[in-house]
Amino acid sequence: MSEPTYHLPQQRKLVTALPGPASLELAERRNKVVARGASSSSPVYITAGDGGVLVDADGNSLIDLGAGIAVTSVGASAPKVVHNVQEAVTRFTHTAFGASPYESYVEVCEQLAELAPGDFDKKSVLLNSGAEAVENAVKIARHATGRSAVAVAENAFHGRTNLTMGLTSKAMPYKAGFGPFAPEIHHFPSSYPFQEPVEITGEQAAQRAIGYLETRVTAERLACLLVEPIQGEGGFIVPAPGYLAVLQSWCHEHGIVFIVDEIQSGMCRSGKWFACQYEDVVPDIVTTAKALGGGLPISAVTGRAEIMDTAQPGGLGGTYAGNPVSCAAALGALETMRDLDLCARALAIEKQIRARLEPLIGSSSCVGDVRGRGAMMAVEFVRPGTRTPDASKTAQVVEDLLHHGVFALSCGINGNCIRFLPSLVIPPELLDEALALVVAAIG
Ligand code: PLZ
């Protein structure tokens, strides 16, 4: 196993208050021309990123616990990604795979067929974004089954396009004012162990979901059932053990395509290539994006060959889908994941985070829960002594961290979780420094 190399010093170093004068000046320019809806959670403008750090326009070096929302797992300028992109871009930037094909697209699909769970023939289609992958997974499931209804879990996040907004639960900011949404979407009650009023098993949670769908939709009308193996934006919710397996076998029994969205959890993030492998479930279709491209936009729908091939030639694609520069980046990212054994690194990060944060859980503490898998960990903040979500405490900790040079993201259906999803190549000492500041900020 090789060790990561870095071109930026892996350090937290503040030379101004945050945001500094250069960031403030950029904010002023932005406010005149960038739409208000396209807001940023941090006011700090970035000029470079590598390993576990982001450098801002004022020369501050921040510890990055967000990895561009789980994208830069290999780092924001991983040597193999940079090399492959530079090499690809000097040959050709684009042809449109649907017009003139090229090898790198085929190679990404070969690797996905090899990596995705399931001992059967797999095929893929490449796209640009996570939302586009989810849309295409649903398209394919509908085509393969001739059915139209889609079942999706409560608290899910699947994207911001019209179909995927409809699949997403949280109204603010994702859906409010943007409807109407696509028909035939059914949100079933999912598994959220920490917020379950009475403790139930994964099997019971799955039976509750199945009962809901049988009553309101019926299995025969469902084209697919779509789940995140760990709900991401919803709050890094790990479902109770057994939940996914029961849903999968119900789908198989009724000819419903079982789609697992691994856009955030996949590609070593959870400590395995795919988070669903913890539960031994095998998706009929799996969606990937984010870390797959090492920072460049690319996504994929990978599934059983016979399901994927039901769509007619020309039925899937898009002008930029599977762009050659993004494919080259993906090949560099996949190679890096293998060479640096990023699954093992993700598990080491989990250990480090648990060791620091689990001791904060307590009956009189604002830390209600510490959960997740691998380098996909979150803290859920509550009013001490209750399970009532505390979004303002969450926002305050994120803000405090930023002022100390640590960039962290919140999440959660109630906005009361902080997620820790650093690059998998963050040096352990740097992560430890950040975690000490997290503990201090929680106070
Ligand atoms: N499915 C499971 O996590 C994207 C959203 C950030 P796109 N999550 C980050 C934001 O503010 O929009 C996501 C995901 C899962 C699908 C998506 C959508 O992926 O690449 O953002 O379209």
Side-chain angles (χ1 to χ4, degrees), residues 34-42 65-73 126-139 150 152-176 178 185 187 190 224-239 244 259-267 269-270 274-276 283 285-302 318 320-323 326 329-330 333 372-378 398 407-413 415 417 419 421:
V34 177
R36 195 172 68 112
S39 62
S40 308
S41 52
S42 152
L65 298 181
I69 325 183
V71 169
T72 52
S73 293
L126 303 184
L127 302 138
N128 300 292
S129 67
E132 224 185 325
V134 173
E135 290 243 8
N136 277 274
V138 172
K139 266 172 77 169
V150 178
V152 63
E154 252 172 14
N155 304 328
F157 182 95
H158 294 291
R160 293 174 179 269
T161 58
N162 185 268
L163 178 68
T164 58
M165 264 193 295
L167 298 169
T168 291
S169 284
K170 195 173 178 176
M172 276 303 275
Y174 305 126
K175 298 171 79 168
F178 299 132
I185 294 169
H187 294 263
S190 57
C224 57
L225 184 148
L226 170 64
V227 284
E228 295 160 271
I230 301 170
Q231 289 188 317
E233 303 303 304
F236 283 23
I237 305 165
V238 182
L244 292 173
I259 305 175
V260 177
D261 181 346
E262 293 263 11
I263 286 166
Q264 186 152 179
S265 56
M267 299 289 127
R269 173 59 55 187
S270 73
F274 295 89
C276 67
I285 290 181
V286 61
T287 54
T288 49
K290 290 194 186 271
L292 174 64
L296 270 78
I298 188 167
S299 64
V301 182
T302 302
Y320 297 109
N323 167 272
S326 293
R373 278 179 162 143
M376 188 172 181
M377 299 293 298
V398 169
F407 179 66
L409 289 164
S410 62
C411 67
I413 191 77
C417 303
R419 49 179 147 177
L421 64 173

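Indexing begins at 1, ligand by ligand and atom by atom, following the structure's order.
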- prompt: Between Q264 and R269, does a side-chain contact (heavy atoms from CB on, under 4.5 Å) hold up when you go through it step by step?
  reply: CA-CA 8 Å; Q264 186 152 179; R269 173 59 55 187; 5.7 Å; no
message: Using modelled atom types and a 3.5 Å cut-off, is there a donor and acceptor pairing between side-chain atoms of S169 and backbone atoms of E154?
response: no
- prompt: Does a side-chain N-to-carboxylate-O contact under 4.0 Å join E132 and K139?
  reply: no
task: Without swapping roles, check the side chain of E228 against the backbone of F157 for a donor-acceptor pair under 3.5 Å.
output: yes
statement: heavy-atom search around atom 18 (C) of ligand 1 in the protein gives A131 N, 3.6 Å
message: Check this for me: Y174, atom OH, are more than 12 non-hydrogen atoms of other residues, nucleotides or ligands nearer than 6.0 Å?
response: yes
message: What verdict does the side-chain contact (heavy atoms from CB on, under 4.5 Å) test give for E135 and V301, after you've listed the backbone C-alpha separation in whole Å, the side-chain angles of each residue and the deciding distance to 0.1 Å?
response: CA-CA 10 Å; E135 290 243 8; V301 182; over 6 Å; no
task: Name the closest protein heavy atom to atom 7 (P) of ligand 1, giving the residue it belongs to and the distance to 0.1 Å.
output: G130 N, 3.4 Å
- prompt: Which residue holds the protein heavy atom closest to atom 1 (N) of ligand 1, what is that atom called, and what is the gap in Å?
  reply: D261 OD2, 2.7 Å
query: T168 side chain to H158 main-chain N or O, any donor-acceptor pair under 3.5 Å?
result: yes
message: I'd like to check which ligand 1 atoms, numbered from 1 as shown, lie under 4.0 Å from a non-hydrogen atom of S129.
response: 20 (O), 22 (O)
task: Find all atoms of ligand 1 within a distance of less than 4.0 Å from any non-hydrogen atom belonging to E228, and give their numbers and elements.
output: 2 (C)
- request: Look at atom 6 (C) of ligand 1 and say which protein heavy atom is nearest, naming residue and atom and giving the distance to 0.1 Å.
  value: I69 CD1, 3.6 Å
- prompt: Are the side chain of T72 and the backbone N or O of A67 linked by a donor-acceptor pair below 3.5 Å?
  reply: yes
query: How close does the nearest protein non-hydrogen atom get to atom 11 (O) of ligand 1, and which residue and atom is it?
result: R160 NH2, 2.7 Å
query: To the nearest 0.1 Å, how far is atom 8 (N) of ligand 1 from its closest protein heavy atom, and which atom is that?
result: K290 NZ, 3.1 Å
message: With the threshold set strictly below 4.0 angstrom, can you tell me whether any protein non-hydrogen atom sits that near atom 21 (O) of ligand 1?
response: no
- prompt: Among all protein non-hydrogen atoms, which one is nearest to atom 3 (O) of ligand 1, and what is the separation to 0.1 Å?
  reply: Q264 NE2, 2.9 Å
- request: Enumerate the atoms of ligand 1 whose separation from the nearest heavy atom of I263 is less than 4.0 angstrom.
  value: 1 (N), 13 (C), 14 (C), 15 (C), 16 (C), 17 (C)
